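In what follows, a structure is listed as structure tokens, so that the remarks can point back to it.
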Amino acid sequence: MGTLFGSFYSLAVYRIPNKIDIIHKHSFCPNCGHKLKFWELIPVLSYIFLGAKCKKCNTKIRPRYFILEILSGCTFVLIAYCLKINAYNLNLSNIIRFAFIILYLVCIFIIAGIDKDERKIEKSVLYYGIMVSCMYIIYLCIMGHNTSIYRYVMYLVTFIILLIIDTEYQIRTAKQNYLIETLILILIMIVNSTEFVSIASIFVVLVSILLTRAIYYLKNSLNKHKKEHKNLNQLHKFAYLLTIANVIILIGQMRVYY
């Protein structure tokens with residue numbers, strides 16, 4: 001299941017920024033347009049059997065597709081293991097929790113992939129993440145999982161305020177606001193992965209960015225004759241780093257909690 005979702009992430013990360021339909025349009029080679037047969041769409045195995053290249057035009061397939069499918073598969077197995085889900089001990093509550101985690105992972109993995117390539121957060125994926133968050137809030141309130149409804153009302157109000165600010169900014173400038181979109185992403189993380197995991201993720205990312213910048217400036221100060229000139233804002237793709245940290249810490253917390 002995880003590798004199938006990994007294949008979908010790869011497709012979505014390529015198609016969404018290019019405004020290509022991710023549901024109805026058949027999978028194809030980006031180089032020659034060759035429509036892929038079903039045996040060319042088997043996660044992990046197709047990459048190996050095809051020799052990492054298109055069957056028709058022999059263009060090399062980027063290894064990131066293969067890596068993402070494997071990592072996605074491993075992530076799903078780890079989450080199922082942490083929730084103690086197996087064929088002999090199926091618990092409805094854990095299955096529902098697992099389903100919500102999958103829906104959440106779809107959001108943050110696609111955001112991470114697009115941010116890594118483009119340094120932007122796609123609005124459509126954020127809207128999907130907000131929808132999943134609202135569904136999860138409704139589920140928690142109905143099931144009464146020791147939660148305060150007022151806290152989630154506050155989250156929903158914050159979603160609305162951030163969306164209004166973001167829409168107003170885009171209308172005025174015709175540009176996207178990376179900061180506001182990152183704040184919306186953080187709020188999605190808070191709802192779906194708890195406040196502790198989200199704060200820990202932010203802390204880890206900020207520390208890693210500070211260390212990277214310190215090393216960069218230190219290298220430049222020591223090597224006066226050959227200074228590196230990099231756009232550090234482009235180098236530090238905050239949403240991409242944040243999603244990676246969030247998934248790792250979330251799995252760690254689930255392992256302890258469950």
Side-chain angles (χ1 to χ4, degrees), residues 1-16 22 27 36 38-53 60-91 93-117 121-122 125 128-129 132-133 136 185 188-189 191-194 196-198 200-205 207-208 237-258:
M1 188 191 299
T3 59
L4 286 169
F5 272 86
S7 180
F8 171 73
Y9 301 150
S10 301
L11 176 147
V13 166
Y14 171 76
R15 291 192 183 187
I16 290 175
I22 65 171
S27 295
L36 304 180
F38 77 90
W39 60 81
E40 297 174 278
L41 295 170
I42 303 171
V44 181
L45 297 178
S46 291
Y47 184 90
I48 296 170
F49 294 149
L50 291 171
K53 60 185 178 181
K60 285 286 184 182
I61 302 171
R62 294 174 66 180
R64 86 166 190 180
Y65 297 112
F66 178 70
I67 294 168
L68 185 55
E69 287 170 359
I70 291 177
L71 288 177
S72 179
C74 292
T75 301
F76 274 51
V77 170
L78 282 171
I79 291 171
Y81 173 72
C82 291
L83 293 174
K84 297 181 174 62
I85 294 176
N86 58 61
Y88 307 101
N89 182 26
L90 294 176
N91 179 289
S93 177
N94 279 350
I95 291 173
I96 294 173
R97 175 64 176 143
F98 183 67
F100 273 115
I101 291 173
I102 290 174
L103 294 174
Y104 171 61
L105 290 180
V106 170
C107 171
I108 63 172
F109 277 1
I110 294 174
I111 284 176
I114 295 173
D115 189 56
K116 185 177 183 298
D117 288 345
I121 300 174
E122 280 290 337
V125 187
Y128 163 79
V132 170
S133 301
Y136 188 52
L185 172 61
I188 291 170
M189 289 181 172
V191 172
N192 291 276
S193 67
T194 74
F196 170 78
V197 173
S198 303
S201 303
I202 295 169
F203 176 76
V204 168
V205 172
V207 169
S208 67
K237 295 165 182 179
F238 192 81
Y240 167 67
L241 297 173
L242 188 61
T243 52
I244 293 175
N246 185 260
V247 171
I248 294 171
I249 296 171
L250 175 62
I251 292 174
Q253 188 225 31
M254 287 170 57
R255 182 72 185 98
V256 173
Y257 182 75
Y258 288 95

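Please read all numbers here as calculations on a predicted model, not as lab measurements.
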All ring-ring contact (aromatic ring centres under 6.0 Å, His included) counterparts of Tyr9, not counting sequence neighbours: Phe109

The reported gap from CD1 in Ile202 to CG in Leu241 (rounded to nearest 0.5 angstrom) is 12.5 Å

Contact between Ile110 and Tyr128 at the side-chain level, heavy atoms closer than 4.5 Å - yes or no? no

Please tell me if the side chains of Ile79 and Leu105 come closer than 4.5 Å, counting only heavy atoms from C-beta onward. yes

Met1 vs Ile102 side-chain heavy atoms within contact, under 4.5 Å: yes

What residues form a salt bridge (charged side-chain N to carboxylate O under 4.0 Å, His left out) with Arg15, not counting sequence neighbours? none

Close side-chain approach of Pro63 and Tyr47, heavy atoms under 4.5 Å: yes

Within a strict 4.5 Å, meaning less than it, do heavy atoms of the Arg64 and Val13 side chains meet? yes

Residues forming a ring-ring contact (aromatic ring centres under 6.0 Å, His included) with Phe98, sequence neighbours excluded: none

Partner residues of Tyr136 under the side-chain hydrogen bond (donor to acceptor under 3.5 Å, both in side chains) criterion, sequence neighbours left out: Arg97

Any residue meeting side chain to side chain contact (heavy atoms under 4.5 Å, CB included) with Ile96, in chain and number order, not counting sequence neighbours: Leu92, Phe100, Tyr139

Give the minimum heavy-atom separation between Cys107 and Gly129, together with the two atoms involved. SG-CA, 3.6 Å

First locate atom OG of Ser193, then atom CD1 of Ile108, and finally report the distance between them rounded to the nearest 0.5 Å. 7.5 Å

Out of curiosity, Ser198 OG to Ile249 CD1, how far, rounded to the nearest 0.5 Å? 9.0 Å

What residues form a side chain to side chain contact (heavy atoms under 4.5 Å, CB included) with Val207, not counting sequence neighbours? Phe203, Leu211

Gap between atom CG of Asp115 and atom CD1 of Ile121 - 0.5 Å precision: 5.5 Å

Do Ser10 side-chain atoms and Gly6 backbone N/O form a donor-acceptor pair below 3.5 Å? yes

Quick one, Val197 and Met189 - any side-chain contact, counting heavy atoms below 4.5 Å? no

Roughly how far, to the nearest 0.5 Å, is the CG atom of Leu185 from the CD1 atom of Ile111? 5.0 Å

Check Ala112 against Thr243 and note the closest heavy-atom contact, atom names and distance. CB-OG1, 3.0 Å

Could you work out, with side chain to side chain contact (heavy atoms under 4.5 Å, CB included) as the rule, every residue matching Ile70, not counting sequence neighbours? Val44, Phe66, Cys74

Set of residues satisfying side-chain hydrogen bond (donor to acceptor under 3.5 Å, both in side chains) with respect to Tyr104, sequence neighbours excluded: Asn246

Nearest 0.5 angstrom please: Leu68 CG to Thr3 OG1, how far? 10.5 Å

So, using side-chain hydrogen bond (donor to acceptor under 3.5 Å, both in side chains) as the criterion, who are the partners of Ser72 when residues are at least two apart? none

Looking at every heavy atom in both Ile251 and Cys82, which two are closest together, and how far apart are they? O-SG, 3.7 Å

Taking only residues two or more places apart in sequence or in another chain, which ones pass side chain to side chain contact (heavy atoms under 4.5 Å, CB included) with Ile95? Leu90

